[in-house]
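Quick notes on the structure that follows.
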Amino acid sequence: MIDGKSDIVLSPQFYWVKKVALNVRFSYEVKKMAPAIFDGLLPNGNFRYSVLKTDTKEFVILAYDIEQILKELNSLGIDITLIDRIYTLQSEIRGDEVSLVADNLYGIASDDGIAVCLPLKFFDKQPKRDINGLLQKKLSKNYIYSKNYQKTDKNRREANLILWLLVLAVSLLFVNVAKIQKERDALAKQKETIIKKYVLPKTSFEIKSMKTELLATDRKQKQIRESISYLGKFRLMKKESFASIKYKKSDLKFSIYLNGRNREIQFKNYISKKFKAIKTQRVKKKYIIEVVL
Amino acid sequence: MSRMKLYISISLLLLIIMLSISYVNIKKSLKAENSEFANFRQTSLSLVLLKQKWEDKKEYKRVFQRIKNISKPNKEIKRGGVRIFDFQTLTQEKFERIMKILLNSNVTIETMDIKRNGLKISLHVEVKL
């Protein structure tokens with residue numbers, strides 16, 4: 001039972017331990033290999049691993065299921081909310097050879113640096129020291145559980161999530177920007193294709209300019225044709241005829257022989273319906289009209 | 001959160017802000033370019049149609065040949081991008097046929113001078129190539 005904030009040192013029953021000699025330098029490298037090293041040796045559970053370096057190429061690997069451990073401790077009547085940190089006996093013997101009394105029935109011994117819990121009757125000689133001496137010492141930094149760590153672990157998970165969301169957001173933005181750039185490039189390419197296909201000038205300004213010019217030509221040519229057709233539709237009477245029709249630039253000048261003044265007025269009215277800026281003149285019998293298209 | 005992760009997060013956030021601004025600007029720019037392209041396409045297509053109408057060399061050749069088939073011109077001159085036809089004595093019928101061809105074609109008439117001399121008609125026409 002504990003009645004205040006406490007650290008727990010677990011006896012070997014709560015974890016699995018294996019000593020390995022590997023040709024690596026650092027503990028984290030061994031930690032990566034731990035699941036493979038313990039493969040087939042552990043029961044079902046959510047195991048984590050801790051690595052203690054004992055010598056240059058010698059490591060002690062601890063495998064533990066922290067949820068199971070906490071459950072077990074709870075079932076033993078220990079208030080887990082009061083637990084600050086949990087250590088393993090293995091990490092606290094620090095590779096020393098030990099022989100300690102745990103309680104009336106059990107003792108702790110080590111073999112080749114691995115701490116084991118055995119019934120006292122298995123010892124050749126009753127150990128002289130008990131475990132309290134070990135527990136009085138300052139504990140190592142090799143805890144396998146920390147209350148603060150759980151909170152920190154949660155914060156760390158949240159921080160990682162935020163980080164990943166940010167990375168996702170950045171990636172999405174990059175993708176969208178790249179997509180838009182691609183669309184712009186496609187537009188530019190389409191433009192180039194049209195210019196090449198129809199042999200057009202390269203700039204929009206030139207294209208617009210050419211179009212304006214040709215539209216003016218189109219308008220003017222339509223006007224000429226309509227004007228001459230219109231003149232041709234005027235019903236001439238006997239002895240009446242067109243003497244000349246001259247078109248140059250925007251000026252249309254034509255002369256006509258008509259039968260008398262009334263006919264000239266009729267003709268002028270007819271012309272007025274189509275043309276503006278009319279200049280009229282009579283030279284002998286010829287009625288000359290000049291209009292601007 | 002460790003300090004390193006905090007710095008990374010702040011950097012990413014700033015990057016997001018900058019990218020968002022760029023994204024908005026590029027999108028605006030794309031909208032403008034789409035609009036500009038639509039205008040360009042329309043203008044280009046109009047120009048192409050106008051060129052096909054008024055700058056079709058085959059049409060010019062065809063018109064000139066048809067006119068000459070009706071009556072051989074007294075003068076035919078090529079001068080500085082202009083083709084000049086001069087007919088001195090056309091009958092009414094030939095004149096009307098030539099005029100019909102000219103007025104129904106898409107050749108660019110620069111100058112036209114028609115004079116009646118009794119029963120004959122003279123026609124001077126300058127066509128811009």
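Lettering follows sequence order; numbering is per chain, from 1. If you're wondering where the values come from, they're calculated on a predicted model, not measured in any experiment.
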Portion of [X] that has a non-hydrogen atom of chain A nearer than 4.5 angstrom:
X      : value
B/E36  : side chain
B/Y23  : both
B/I121 : neither
B/K128 : neither
B/V125 : neither
B/S105 : both

Just wondering, do B/R116 and A/F242 contact through their side chains at under 4.5 Å, heavy atoms?
no

Using side-chain heavy atoms (C-beta onward) and a distance below 4.5 Å, is B/T111 in contact with A/Y247?
no

Minimum heavy-atom distance A/Q221-B/W54, with the two atoms named:
CB-CH2, 3.3 Å

Identify the two heavy atoms, one from B/I16 and one from A/L173, that lie closest to each other, and give their separation to 0.1 Å.
O-CD1, 3.7 Å

[X] atom [atom1]: more than 12 heavy-atom contacts under 6.0 Å:
X      : atom1 : value
B/K27  : NZ    : no
A/F174 : CZ    : no
A/Y230 : OH    : yes

Can you tell me how far the [atom1] atom of [X] sits from the [atom2] atom of [Y], to the nearest 0.5 Å?
X      : Y      : atom1 : atom2 : value
B/L14  : A/L166 : CG    : CG    : 10.5 Å
A/I245 : B/I114 : CD1   : CD1   : 4.5 Å
A/I207 : B/N39  : CD1   : CG    : 12.0 Å
A/Q190 : B/F40  : CD    : CZ    : 10.0 Å
A/L163 : B/I8   : CG    : CD1   : 6.0 Å
A/I224 : B/L103 : CD1   : CG    : 9.5 Å

Between the side chain of A/R184 and the main-chain N/O of B/N34, is any donor-acceptor distance below 3.5 Å?
no

Do you know which of [options] has the most heavy-atom pairs under 4.5 Å to chain B?
options                        : result
A/K246, A/K248, A/M210, A/R225 : A/R225
A/T212, A/V170, A/L214         : A/L214
A/D218, A/V177, A/I194         : A/D218

Heavy-atom contacts under 4.5 Å, residues 41-50 of chain B to chain A:
B/R41, B/T43, B/S44, B/S46, B/L47, B/V48, B/L50

Do A/K220 and B/E110 sit within salt-bridge range, that is, some charged N less than 4.0 Å from a carboxylate O?
no

Chain A: which of B/S22, B/S29, B/S122 shares the most heavy-atom pairs with it under 4.5 Å?
B/S29

